[in-house]
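Reading through the structure tokens given below for one structure.
Keep in mind it's a predicted model, so treat the numbers as computed, not measured.
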Amino acid sequence: MPSFASADTSDKWPQDVGIVAIEVYFPAEYVDQTELETFDGVSAGKYTIGLGQGKMGFCTDREDINSLCLTVVQNLIERNQISYEDIGRLEVGTETIIDKSKSVKTNLMQLFEDSGNFNVEGIDTTNACYGGTQALFNALAWVESSAWDGRYAVVVAGDIAVYATGNARPTGGAGAIAMLVGPNAPLIVERGVRYSHMQHAYDFYKPDMSSEYPTVDGKLSIQCYLSALDKCYQGYCKKAKTALLRESEVDRFSLDLFDAVCFHSPYCKLVQKSLARLALNDFIQDPSPDTSDAGKYSGLQGFKDLKLDETFFDRDVEKAFMTHSKALFETKTKPALLIANQVGNMYTPSLYGGLASILSTYTLDNIPGRRIGMFSYGSGFASTLFSLKVCDDGSPGSPLWKLMVSLQDLQERLDSRKCVEPSVFAEAMKLREDTHHLSKYTPVGSVDDLFPGTWYLTYVDDMYRREYTRKPTSALPSPITTTAPINNVESLQENSIPQKKHLEPATPMEQSQQTTSSTS
């Protein structure tokens with residue numbers, strides 16, 4: 001790998017900055033929500049239909065936020081064959097706090113020791129489920145700044161979402177996602193259009209420092225989420241009209257111009273309602289909506305004079321626009337709910353689990369050029385709507401091709417997990433409640449069912465110093481190899497690409513220079 005530390009970036013603006021690679025980690029055990037309904041003594045369908053949840057991943061006392069992030073970062077590096085020396089910034093977004101001073105990021109630096117690379121900027125960012133998005137924005141800003149030294153940034157979003165026994169417990173989950181950020185990315189973060197809305201509210205918060213459980217105002221939490229969505233979408237549309245539609249005949253931005261929409265997913269049913277909410281916004285903003293029998297808004301003529309702030313809990317409005325947007329939901333958003341439905345609410349990684357899910361449903365034939373809307377929300381509250389544009393080059397060996405290969409095993413990995421009885425899950429939650437804050441503690445959970453390559457906690461000493469080890473790993477599939485995405489095998493065979501030939505990845509600076517030379 002050529003040296004790049006002395007590269008001069010002062011006269012270059014890196015192009016197409018965004019997400020180069022994505023790695024997903026979730027626990028190897030889950031509880032089935034149908035079985036949990038029976039165990040909890042609630043009506044059938046309360047969790048599976050009412051919340052839209054299928055399975056819920058959880059961690060025993062063997063995993064904590066440090067181990068989750070250690071696992072996902074090392075897997076990202078290994079699967080993409082990146083050198084730790086190529087990383088110049090490492091950002092972590094999490095709300096799972098096990099130390100009020102020492103960051104998760106500093107724990108991750110032990111992965112860099114053998115490389116001798118300690119010149120790595122970045123630290124933790126915390127605000128409920130929004131921290132991962134702010135970490136991403138920090139990384140993007142670094143790559144696009146005069147401080148950038150030509151190396152990649154890594155963004156990590158990870159959390160363990162647990163609730164006390166009761167109605168909220170089935171909305172838990174756990175996991176981590178790591179993203180490689182740099183120029184010439186297959187997922188380009190569109191400039192000049194993102195819109196944020198920040199406001200003070202006590203909708204969901206964690207004031208008890210001795211507990212992992214939050215304090216939640218359920219009704220206010222939903223209202224804040226939907227209100228933030230309204231504000232962000234309206235602001236995004238105004239900016240997009242100028243920035244994205246200059247050369248288009250369309251005079252305003254609407255859902256029609258998103259090929260897919262991903263949301264932060266507390267539970268899947270709220271996401272479906274959220275897409276309907278955007279459809280409601282489009283309807284209200286349309287100066288002359290066609291409500292005729294054959295029109296786009298057929299049957300909705302009675303809702304034209306609505307005031308958005310008065311509709312958060314209006315069942316008639318909700319039902320009408322969920323029906324109206326059902327086809328849009330099936331094509332633009334439901335594919336993004338694979339991980340949310342099968343793992344649960346991962347908090348900060350939730351939105352990016354949706355991104356990984358929806359990418360796994362596309363093929364290289366139909367994904368280039370797509371625009372993906374991304375709505376991020378964290379209670380308290382902080383929110384942003386931004387968009388990604390998929391690059392046009394999906395040829396074998398391209399960054400997009402490698403990204404798609406890396407996600408082709410997502411469903412297989414979900415299917416390989418172990419289903420446990422609800423009573424076992426309840427015991428694991430009780431064990432976490434009793435031990436998560438202890439010193440001089442040796443975890444008792446089994447490591448047998450952990451995925452290969454998983455980091456896990458082995459001991460907490462009398463000074464609360466945590467020790468970890470990694471379960472031996474099997475050969476991790478790498479997107480750098482020329483293994484075709486499963487949905488694109490025929491087209492790849494036509495190009496006669498030799499199998500299992502490793503490609504040496506260029507540094508971001510080398511890629512930027514290559515792009516500059518070819519276009520100048």
Side-chain angles (χ1 to χ4, degrees), residues 25-31 36 39-40 55-72 92 94-108 110 124 126 128 156 158-166 168-176 204-216 343-349 417-451 454-471:
Y25 174 75
F26 39 77
E29 294 182 312
Y30 71 89
V31 62
L36 193 59
F39 181 79
D40 288 346
K55 301 172 183 177
M56 179 168 53
F58 67 94
C59 297
T60 69
D61 64 341
R62 284 291 184 179
E63 294 187 274
D64 61 17
I65 185 57
N66 291 337
S67 70
L68 294 184
C69 293
L70 284 165
T71 298
V72 77
V92 177
T94 184
E95 64 172 279
T96 304
I97 308 300
I98 57 176
D99 192 296
K100 290 179 282 186
S101 177
K102 181 175 172 59
S103 66
V104 174
K105 186 269 179 72
T106 57
N107 282 281
L108 296 178
Q110 62 191 289
D124 293 5
T126 299
V156 190
D159 275 303
I160 298 173
V162 289
Y163 295 85
T165 302
R169 175 158 281 186
T171 62
F204 171 110
Y205 49 107
K206 295 179 178 177
D208 186 351
M209 297 300 176
S210 66
S211 173
E212 290 189 297
Y213 301 145
T215 298
V216 184
V343 178
N345 183 8
M346 300 190 295
Y347 284 171
T348 55
R417 295 173 299 161
K418 178 182 178 181
C419 180
V420 303
E421 296 292 328
S423 59
V424 175
F425 163 71
E427 290 169 1
M429 293 298 97
K430 177 61 176 171
L431 180 63
R432 289 193 63 88
E433 181 178 326
D434 293 340
T435 65
H436 75 278
H437 59 293
L438 297 181
S439 62
K440 293 195 293 186
Y441 178 68
T442 300
V444 299
S446 172
V447 301
D448 294 341
D449 294 316
L450 296 176
F451 288 127
T454 299
W455 283 85
Y456 60 92
L457 182 67
T458 58
Y459 186 61
V460 184
D461 72 12
D462 60 349
M463 293 183 66
Y464 292 92
R465 293 174 297 197
R466 292 174 174 252
E467 300 173 6
Y468 303 88
T469 193
R470 192 186 191 202
K471 186 172 182 178

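- Judged purely by distance below 3.5 Å, without hydrogens or angles, the side chains of Tyr464 and Asp99 never pair a donor atom with an acceptor atom.
- A donor-acceptor contact shorter than 3.5 Å is absent between the side chain of Thr60 and the backbone of Ala428.
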Indicate every side-chain donor-acceptor pair of residues 438-448 with a distance under 3.5 Å to a residue at least two apart or in another chain.
{"residue": "Tyr441", "atom": "OH", "partner": "Asp61", "partner atom": "OD2", "Å": "2.4"}
{"residue": "Ser446", "atom": "OG", "partner": "Asp448", "partner atom": "N", "Å": "3.1"}

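- Side-chain atoms of Thr126 do not come within 3.5 Å of backbone N or O of Glu95 as any donor-acceptor pair.
- Heavy atoms from other residues, nucleotides or ligands lying under 6.0 Å from NZ of Lys418 number 12 at most.
- No side-chain N or O of Thr171 forms a donor-acceptor pair with one of Asn345 less than 3.5 Å apart.
- The backbone N or O of Lys206 sits nowhere less than 3.5 Å from a side-chain atom of Thr215 that would complete a donor-acceptor pair.
- Without hydrogens or angle criteria, Arg169 side chain to Tyr163 main chain gives a donor-acceptor distance under 3.5 Å.
- No option in Asn107, Val156, Val104, Leu108 other than Leu108 meets the side-chain contact (heavy atoms from CB on, under 4.5 Å) test with Leu70.
- Distance alone, capped at 3.5 Å, places no donor-acceptor pair between the Asp124 side chain and the Ser103 backbone.
- Contact between Arg417 and Val343 at its shortest, heavy atoms only, is NH1-CG2, 3.8 Å.
- We find the OH-CH2 distance between Tyr25 and Trp455 to be 13.0 Å, quoted to the nearest 0.5 Å.
- Judged by distance alone, the side chains of Asp208 and Ser210 do bring a donor and an acceptor atom under 3.5 Å apart.
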